[in-house]
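Values reported hereafter were calculated over all heavy atoms of this structure, with side chains retained and with hydrogens, waters and symmetry mates removed. Remember, it's 1-based here, ligands and their atoms both numbered in the order they're listed. Just so you know, residue 1 is the first one in the sequence shown, and it goes up from there.
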Amino acid sequence: MRVLISEEQIRQRVDLVASEIRQTYGHEPVTIIGVLTGCLVFLADLIRRLDLPIRIILVQASSYRGATTTGSQLAVNDDVLGDLKGRHVLIVEDILDTGKTLRHMVNLIQAREVASVRIAVLMRKLGRQIIEIEPDFVCFRIPDEFVVGYGLDYNDEFRNLPYIAIYEGQK
Ligand code: XMP
Ligand code: MG
């Protein structure tokens with residue numbers, strides 16, 4: 001396991017991105033929709049830096065099995081979204097990879113007559129995107145490697161590492 005992004009680097013970038021988010025919304029209330037399970041640690045760190053009236057909704061979306069980066073179906077439980085009419089929505093996601101998950105999330109949310117939808121991602125994996133979608137806030141751009149830690153897992157392990165590492169086991 002090789003450290004890709006240290007705790008200190010994460011802290012600094014999350015600070016900066018949180019202030020960009022604060023500037024974007026002013027004092028408007030925001031509904032944050034976190035995409036589980038990978039967003040967990042990022043979300044917890046981010047919201048404590050947001051001095052805004054926020055609500056939080058957590059949505060389970062899973063398309064991955066182990067480190068496999070293709071194949072399985074995307075499943076989202078959107079019945080938890082409830083009434084978002086007129087709300088400013090910020091989707092918080094761990095990684096923008098192919099773009100399928102975020103495209104699906106944005107479509108589900110836009111169907112609910114929201115005031116706006118924006119996207120914050122912890123990482124954007126370069127060279128993997130197949131669906132056109134632009135996140136509004138990005139903490140890190142990373143190479144096409146499988147990463148774990150800071151909420152991200154390999155087979156549900158390593159989410160508790162305080163840094164982000166490249167998983168060098170079997171892919
Ligand atoms: P798409 O392809 O829909 O995928 O943009 C986004 C989801 O894929 C997961 N993902 C990873 N999870 N290490 C992980 O633990 C990785 O390197 C990785 N790359 C993608 C992630 O859950 C994200 O929500
Ligand atoms: Mg995820």
Side-chain angles (χ1 to χ4, degrees), residues 1-7 9-11 13-14 17-18 21 30-47 56-81 84 89-112 114 117-171:
M1 207 92 81
R2 185 155 56 82
V3 177
L4 180 66
I5 308 169
S6 71
E7 266 188 272
Q9 287 172 300
I10 295 172
R11 198 186 59 70
R13 274 303 293 161
V14 175
V17 166
I21 293 172
V30 179
T31 299
I32 293 184
I33 300 186
V35 185
L36 291 172
T37 304
C39 79
L40 170 79
V41 182
F42 176 42
L43 183 85
D45 278 349
L46 189 66
I47 59 173
I56 299 170
I57 297 173
L58 298 173
V59 171
Q60 188 77 54
S62 37
S63 61
Y64 268 64
R65 299 288 172 272
T68 311
T69 53
T70 50
S72 50
Q73 277 283 333
L74 177 69
V76 177
N77 70 327
D78 62 326
D79 29 314
V80 297
L81 289 180
L84 295 174
V89 172
L90 177 65
I91 302 172
V92 175
E93 166 72 311
D94 54 1
I95 298 197
L96 167 57
D97 186 20
T98 64
K100 287 183 191 167
T101 307
L102 282 168
R103 167 52 46 212
H104 191 74
M105 290 300 303
V106 168
N107 289 348
L108 286 175
I109 292 162
Q110 270 171 345
R112 289 166 195 253
V114 292
V117 190
R118 290 189 177 86
I119 298 169
V121 295
L122 176 64
M123 289 176 272
R124 180 174 200 169
K125 235 185 227 190
L126 302 177
R128 292 265 315 161
Q129 209 172 324
I130 55 175
I131 308 279
E132 205 179 309
I133 191 153
E134 268 310 300
D136 301 271
F137 309 99
V138 177
C139 294
F140 299 101
R141 287 168 181 76
I142 62 162
D144 181 10
E145 299 278 3
F146 196 83
V147 289
V148 297
Y150 197 68
L152 290 110
D153 71 305
Y154 173 72
N155 279 340
D156 269 324
E157 268 187 83
F158 313 115
R159 291 194 197 275
N160 53 330
L161 296 178
Y163 50 85
I164 294 164
I166 294 177
Y167 181 75
E168 289 173 322
Q170 147 258 341
K171 275 204 181 178

Quiz prompt | Residues that Asp136 engages under side chain to side chain donor-acceptor pair (under 3.5 Å), provided they are two or more places apart | solution = none
Quiz item: Which heavy atom in Leu43 sits nearest to a heavy atom in Gly34, and how many Å separate them?
Solution: CD1-CA, 4.4 Å
Quiz item: Between Gly99 and ligand 1, is there a nitrogen or oxygen pair with a distance under 3.5 Å?
Solution: yes
Practice problem: For the residue pair Tyr154 and Tyr167, categorise the inter-ring angle as parallel (less than 30°), tilted (30 to 60°) or perpendicular (more than 60°). | Solution: parallel
Quiz item: At a 4.0 Å threshold, what atoms of ligand 1 neighbour a non-hydrogen atom of Glu145?
Solution: 17 (O)
Quiz item: Purely on distance, is any nitrogen or oxygen of Leu96 under 3.5 Å from one on ligand 1?
Solution: no
Self-check item: Heavy-atom proximity to atom 15 (O) of ligand 1, best of Asp153, Asp94, Val121
Solution: Asp153
Practice problem: Would you give the length of the straight line joining atom CG of Leu46 to atom SG of Cys39, rounded to the nearest 0.5 angstrom? | Solution: 10.0 Å
Quiz prompt | Numbered atoms and elements of ligand 1 in range of Lys125, under 4.0 angstrom, heavy atoms | solution = 16 (C), 17 (O), 18 (C), 19 (N)
Quiz item: Considering the options Leu152, Thr101, Val121, Leu102, which one meets the side chain to side chain contact (heavy atoms under 4.5 Å, CB included) requirement together with Ile95?
Solution: Leu152
Quiz item: Which of the atoms in ligand 1, numbered in the order shown and given with their element, are less than 4.0 Å from a heavy-atom of Glu93?
Solution: 23 (C), 24 (O)
Quiz prompt | Pair Arg124 + Glu134, salt bridge at N-O below 4.0 Å | solution = yes
Exercise. State the atoms of ligand 1, each with its element, that fall below the 4.0 Å cut-off from a heavy-atom position in Leu152.
Key: 12 (N), 13 (N), 14 (C), 15 (O)
Self-check item: Proximal ligand 1 atoms for Thr98, defined as those under 4.0 Å from one of its heavy atoms
Solution: 1 (P), 2 (O), 3 (O), 5 (O)
